[in-house]
> 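Supplied in structure tokens, the structure appears directly below.
Order of appearance sets the numbers: ligands from 1, and atoms from 1 within every ligand.
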Amino acid sequence: MDDLEMTNDSALTNHLKSATRILIFTGAGISTQSGIPDFRGPQGVWTRRQPVYYHDFMTSEAARIEHWDYKLEGWEVFRNAQPNAVHHAIVKLERAGKLLMLVTQNIDGLHSLAGTSPERLVELHGTNSKIECQTCHERTDPAPHFEYFRAKRKPPICHCGGFLKPATISFGQNLAPGQIQRAEQAARKADLVIALGSTLSVYPAATIPLLAAQRGAPYIIINRGPTDHDHEHVTLRLEADVTAVFPPAVDSALSS
Ligand SMILES: [Zn+2]
């Protein structure tokens, strides 16, 4: 480790130590260590399959079958994935009373599995760890629905008659307004904002950390590879694997 890296690491620790209302924003880069593939990457499923748009899902049985088939392909990966040191470090910050809100773009459900409380978590793009009825909005566990689809090749239907769909936001589907509101409220109150493992290129999600930074909260970005916010109000930019850098900084900020 050279001098510059040491300086940056201790700057990160100092920010974590002095902040009391931290807003954390996470993207796909924090979950690759948990075996979740980056769906936008070159090996990603999106390069092989056309995404099903929400309107098509709601109006076409063939589109619903295609969507369930696509989700079934990812199901084995998601159901076996375990949170890693980054997910656990964020839980430590919450237990220390320093986490204002965790806003994630990830749909893998790993923050929840690691122990982040629902009242501290905004899953902007929804979650694969629940199935949601598009009519009554009841949320249920995925396993029985995937088993039904695997056996019958028919999309499962809610007891109310509505279409069931994994609780992720589809292409052409609006983000839940209540979730955006919770994230924006946190961005207005945060005294530190940290973006972890995101290219910050997907909107409106990426407006959340920027909103906090524009208000004057110190903005730290840790990501391997360039991000869209590298020239926007950034206080500290660490070009690094977030798994290697963030958990030790949290440990040292909380231990002293
Ligand atoms: Zn229903």
> If I take the Zn ion (ligand 1) as the centre, what angle separates the SG atom of Cys158 from the SG atom of Cys133? Nearest 10 degrees is fine.
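Answer comes to 110°, rounded to 10°.
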> Tell me if a side-chain donor or acceptor on Asp241 pairs with a main-chain N or O of Thr243 at a distance below 3.5 Å.
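At least one qualifying donor-acceptor pair exists.
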> Hey, is there an N, O or S on Cys136 sitting under 2.8 Å from the Zn ion (ligand 1)?
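Short answer: yes, at least one N, O or S atom is under the cut-off.
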> When you measure from the Zn ion (ligand 1) to the N, O or S atoms of Cys160, does any of those distances fall below 2.8 Å?
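It does: Cys160 brings an N, O or S atom closer than 2.8 Å to the Zn ion (ligand 1).
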> Taking Asp191 for the side chain and Arg21 for the main chain, is one N or O donor matched with an acceptor at less than 3.5 Å?
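Checked: pair present.
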> Quick one: does any side-chain atom of Asn84 pair with a main-chain N or O of Val86 as donor and acceptor, under 3.5 Å?
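Such a contact is found between Asn84 side chain and Val86 backbone.
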> Are the charged groups of Arg64 and Glu61 less than 4.0 angstrom apart, N to O?
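Judged by the 4.0 Å cut-off on N to carboxylate O distance, Arg64 and Glu61 do form a salt bridge.
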